[in-house]
Amino acid sequence: MGNRRPLIAGNWKMYKTCSEAVETARQLVKLTAAAADVDVMIAPPFTALSVVSEVVKDSNVFLGAQNLFWEKEGAFTGQISAAMLISTGCRHVIIGHSERRQYFGETDETVNKKIRSAIKNDLIPVFCVGETENERESNQTFTVLDKQLHNGLEGFSAGDLETLVIAYEPVWAIGTGKTATSDQAQETHQFLRSLVDKRFGNVLAKSIRILYGGSVKPNNIAELMAMADIDGALVGGASLSAEMFSQIVLYKE
Ligand code: PGA
């Protein structure tokens, strides 16, 4: 994986009240205190960001959000801006998760605006792409990923994308217990890196981190991380337990 620093990120989705989130974050900080040479991030629901921020502030666990809205401020009931996320202590933000694309009308165009807003406000975007089962079965995986990447990153220069993280999450592997094999994942990661190379050049292609997501568990993380183009994981279900998530973070031990 070259000299890219691994990132293990937890997406808590719509789980955990404030007190549950604080409890899990406390345990996680303890269990991962010894983690070296790896970035750790958790993305609790918006409502728990501030309280979790207090828990992780002097630890090596970074705080992330699961979404944002691109406008600076205004009459946009229910939306949260990049500046608001920064004010809670967030450093990362997940953008374009397949559940948002599937249930909440997220498109490549809205993803593009959100990435722009994140970068402008110094948030690290974790930009999600991935094909559905039908698309994989009809051999459209690479076409779909090419389009998502192209449209999501339309109008950016390599310099804009220095901090960007890509998360490859095959939709058929999310929450299903079906994982892409490490060879399947590697093949796709290599393809994504080649797309970055083609559009933004070799320097960014070499430094950009590409995470794998979809049923990552303590028992498959090491195999995935052994692949040349897999630089970390975006973990859903298994990140809800501090015990299990810390085993994933400490995959080298
Ligand atoms: P999962 O979710 O680990 O539960 O499959 C991954 C994700 O949605 O980020």
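Remember, it's 1-based here, ligands and their atoms both numbered in the order they're listed.
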For this session: Output yes when E71 and K113 qualify as a salt bridge under the 4.0 Å nitrogen-oxygen rule, no when they do not.
Result: no
For this session: Please write down residue, atom name and distance for the protein heavy atom closest to atom 3 (O) of ligand 1.
Result: G236 N, 2.8 Å
For this session: Output yes when the distance from some N or O of ligand 1 to some N or O of G175 is under 3.5 Å, and no in every other case.
Result: yes
For this session: Say whether K13, considering both its backbone and side-chain N or O atoms, lies within less than 3.5 Å of an N or O atom on ligand 1.
Result: yes
For this session: Could you list the atoms of ligand 1 found under 4.0 angstrom from a heavy atom of A173?
Result: 5 (O)
Exercise. Per the salt bridge (Lys or Arg N to Asp or Glu O under 4.0 Å) rule, which among R91, R4, R209 passes with D39?
Worked result: R209
Exercise. Salt bridge or not for K178 and E133, using N-O below 4.0 Å?
Worked result: yes
Exercise. So does F62 have more than 12 non-hydrogen atoms from other groups sitting under 6.0 Å from CZ?
Worked result: yes
Exercise. Does K252 NZ have over 12 foreign heavy atoms under 6.0 Å away?
Worked result: yes
Exercise. Against heavy atoms of G214, which atoms of ligand 1 measure under 4.0 Å?
Worked result: 5 (O)
Exercise. Going by atom types only, do Q102 and S98 share a side-chain donor-acceptor pair under 3.5 Å?
Worked result: no
Seminar exercise, completed: among protein heavy atoms, the one nearest atom 7 (C) of ligand 1 is E169 OE2, 3.2 Å
Seminar exercise, completed: One finds that the ligand 1 atoms under 4.0 Å from a non-hydrogen atom of G237 are 1 (P), 3 (O), 4 (O)
Exercise. Are the side chain of R101 and the backbone N or O of C128 linked by a donor-acceptor pair below 3.5 Å?
Worked result: yes
Exercise. Are A238 and ligand 1 in contact, using a heavy-atom cut-off of under 4.0 Å?
Worked result: no
Exercise. Just which atoms of ligand 1 are under 4.0 Å from any heavy atom in H97?
Worked result: 7 (C), 8 (O), 9 (O)
